[in-house]
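To start, the structure under review is shown below, and the notes come after it.
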Amino acid sequence: MKRRQKKKGSKWLVNGILGFICLIWIIPTAGLFVSSFRPAADILETGWWTVFPHKGWETEEQMTLPKDTDLKEPIEVSGVNYSDEQLKQGVTTTEGQKLVWQNRRGRIIDVQEKQWKTNAVFTLDNYKNVLGGKNYEITQSDGSIKIEKGSNLTRAFVNTLTVAIPATIIPVLIAAFAAYAFAWMKFAGRKTIFVIVVALLVVPLQVALIPVLQNFTALGLNGTYLGIWIAHTGFGLPLSTYFLYSYISQLPRDLFESAFMDGASNFTIFTKLILPLSVPSIASIGIFQFLWVWNDYLVSLVFIGSQPNVQVLSMRIAEMVGSYGNDWHLLTAASFVSMIMPLAVFFALQKYFVRGLMGGSVKG
């Protein structure tokens with residue numbers, strides 16, 4: 001009985017810790033999602049959580065002081081003296097009201113009281129901005145209209161697809177061939193080559209950027225899609241090969257012996273047996289490779305450049321924040337636009353994901 005209670009208590013503890021970790025990850029994502037639909041002025045002035053009912057200061061009336069009021073001297077408001085700095089920051093009176101400058105030059109003070117309110121104003125302007133290249137209008141907090149040109153992520157989205165799809169298919173396919181060869185074919189230097197491949201897992205890709213770039217420049221591949229495909233293939237092959245080897249090497253030997261007895265070649269075995277049986281593992285490493293390429297910034301910047309006609313999403317989004325960080329509200333919408341394709345790939349292949357990760361972990 002005690003053992004059962006202890007086991008139940010530990011289960012609740014583990015679930016509680018996992019739930020807390022998930023909550024830590026979900027809250028910022030939820031905030032980003034809510035912010036992506038909020039007007040630019042609201043994003044810059046208030047937090048995303050203000051869309052929910054909360055107590056906040058609301059202006060009930062305004063007080064106009066004499067035009068000749070000296071701001072360097074104590075300012076009398078309703079028989080109490082306040083400094084100019086206090087009124088700038090907002091000062092709470094004994095009655096629970098808040099006094100704050102509404103128009104300092106015009107000597108106008110807002111008298112505010114705490115009330116339940118929400119800032120639940122939503123708009124699609126942020127998405128229209130990042131997806132389209134047309135001019136659009138932003139209403140500022142003071143009511144003025146600001147006209148800006150849209151960022152137009154469409155071109156960057158297409159460029160990223162052009163880079164990511166081949167840079168995922170090519171290394172995974174080559175890795176599958178290599179994994180089969182290392183697992184079931186006998187040839188000179190097999191173990192040595194496999195050790196070298198595994199050793200490449202610990203080599204930072206930054207070490208290879210300059211030598212590879214020099215070779216690409218000499219061959220005329222730098223700045224081309226072919227160059228970035230080759231670069232991503234080279235950097236992704238070690239992990240893909242090792243991952244698929246762990247799965248393919250655990251397949252039953254009887255399958256291959258029967259196929260060889262029937263006269264099947266290695267290529268036939270690979271295409272007819274290995275590929276169908278390895279779909280979960282291939283899908284899993286394909287997800288990892290696609291997510292890495294899709295979110296990559298450094299490799300794309302080095303090998304394809306930052307010109308507008310070839311920019312990928314990560315580069316384009318980094319530029320959208322603005323020189324002084326004033327346009328970060330655009331990142332909320334842009335980040336969710338960039339999530340669309342990775343989420344689609346993950347959910348499309350999720351049924352293979354767990355099976356692929358577990359593949360090779362248990363023998364038999």
Report yes if some heavy atom in the side chain of [X] is under 4.5 Å from a heavy atom in the side chain of [Y]; otherwise report no.
X    : Y    : value
P238 : V198 : no
D296 : S314 : no
I75  : R107 : no
Q62  : V111 : no
F182 : I248 : no
L239 : L200 : no
V337 : V130 : yes
F37  : T123 : no

[X] and [Y]: same hydrophobic cluster, using ILVMFWY side-chain contacts below 4.5 Å?
X    : Y    : result
V202 : F235 : no
L173 : Y245 : yes
L23  : L32  : yes
L275 : L277 : yes
L226 : V310 : yes

What heavy-atom pair brings [X] and [Y] nearest, and what distance separates the two atoms?
X    : Y    : answer
I269 : Y180 : CG2-OH, 3.8 Å
S78  : M63  : OG-CE, 3.7 Å
S240 : Q289 : OG-OE1, 4.4 Å
V51  : A120 : O-CB, 3.9 Å
N222 : F303 : OD1-O, 3.2 Å
N81  : P74  : CB-CB, 4.0 Å

Heavy-atom donor-acceptor pair, [X] side chain to [Y] backbone, under 3.5 Å:
X    : Y    : value
Q86  : S83  : yes
S300 : Y297 : no
T46  : T50  : no
T69  : L65  : no
S281 : S278 : no
T241 : L237 : yes
D110 : Q112 : no
T29  : W25  : yes
W48  : P28  : no
N295 : L291 : yes

How long is the straight-line distance from [atom2] of [Y] back to [atom1] of [X], given to the nearest 0.5 Å?
X    : Y    : atom1 : atom2 : value
L221 : L213 : CG    : CG    : 11.0 Å
I169 : T233 : CD1   : OG1   : 10.5 Å
I285 : S246 : CD1   : OG    : 10.0 Å
K114 : H54  : NZ    : NE2   : 9.5 Å
I170 : I230 : CD1   : CD1   : 8.0 Å
S258 : L273 : OG    : CG    : 9.5 Å

* Asked: So, for F336 and Y127, is the gap between ring centers shorter than 6.0 Å?
  ->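 No, they do not, as the ring centres are separated by 6.0 Å or more.
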* To do: List the steps and the verdict of side-chain contact (heavy atoms from CB on, under 4.5 Å) for I193 and F187.
  => CA-CA 10 Å; I193 297 174; F187 55 90; 4.2 Å; yes
* Mind checking what makes side-chain hydrogen bond (donor to acceptor under 3.5 Å, both in side chains) contact with E85, not counting sequence neighbours? ->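 If we apply the side-chain hydrogen bond (donor to acceptor under 3.5 Å, both in side chains) test to E85, skipping adjacent residues, the hits are Q89.
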* Asked: With the threshold set at 4.0 Å, does a side-chain nitrogen-carboxylate oxygen contact exist between D84 and R104?
  ->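 Answer for the salt bridge query: yes.
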* Lys/Arg N to Asp/Glu carboxylate O, K117 vs E58, below 4.0 Å ->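 Here K117 pairs with E58 in a salt bridge, since their nearest N and O are under 4.0 Å apart.
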For residues 153-167, tabulate all N or O donor-acceptor pairs below 3.5 Å that involve a side-chain atom, not counting sequence neighbours.
unit_1: T154; atom_1: OG1; unit_2: L131; atom_2: O; d: 3.0
unit_1: T154; atom_1: OG1; unit_2: N152; atom_2: OD1; d: 3.4
unit_1: R155; atom_1: NE; unit_2: N309; atom_2: O; d: 3.3
unit_1: R155; atom_1: NH2; unit_2: N309; atom_2: O; d: 3.2
unit_1: N159; atom_1: OD1; unit_2: Y225; atom_2: OH; d: 3.0
unit_1: N159; atom_1: ND2; unit_2: R155; atom_2: O; d: 3.3
unit_1: N159; atom_1: ND2; unit_2: N309; atom_2: O; d: 3.2
unit_1: N159; atom_1: ND2; unit_2: Q311; atom_2: O; d: 2.9
unit_1: T160; atom_1: OG1; unit_2: A156; atom_2: O; d: 2.7
unit_1: T160; atom_1: OG1; unit_2: L313; atom_2: N; d: 2.8
unit_1: T162; atom_1: OG1; unit_2: V158; atom_2: O; d: 2.8

* Asked: Is the W294 ring parallel, tilted or perpendicular to the F290 ring (thresholds 30°, 60°)?
  ->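 Because their plane-to-plane angle is under 30°, the rings of W294 and F290 count as parallel.
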* Over 60° means perpendicular and under 30° means parallel, so classify the ring planes of H232 and W292, tilted if in between. =>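 Aromatic pair W292/H232 classed perpendicular.
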* Asked: Given M315 and L301, is the side-chain contact (heavy atoms from CB on, under 4.5 Å) satisfied, shown in steps?
  -> CA-CA 8 Å; M315 297 181 197; L301 179 63; 3.9 Å; yes
For atom [atom1] of [X], decide whether the heavy atoms of other residues, nucleotides or ligands shown that lie under 6.0 angstrom number more than 12.
X    : atom1 : value
F267 : CZ    : no
L201 : CG    : yes
F270 : CZ    : yes

* Start with the C-alpha distance between I282 and L244, add both sets of side-chain angles, then the distance that settles side-chain contact (heavy atoms from CB on, under 4.5 Å), and finish with yes or no. => CA-CA 7 Å; I282 291 173; L244 292 175; 3.9 Å; yes
* **Q97 and E60 side chains, donor-acceptor separation under 3.5 Å** =>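 Side chains of E60 and Q97: no pair found under 3.5 Å.
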* S265 side chain to T268 side chain, donor-acceptor N/O pair below 3.5 angstrom ->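 A pair is found: one side chain offers a donor N or O, the other an acceptor, under 3.5 Å apart.
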* Asked: So I210 and Q214, side-chain contact (heavy atoms from CB on, under 4.5 Å) or not? Walk me through it.
  -> CA-CA 6 Å; I210 293 178; Q214 290 175 339; 3.9 Å; yes
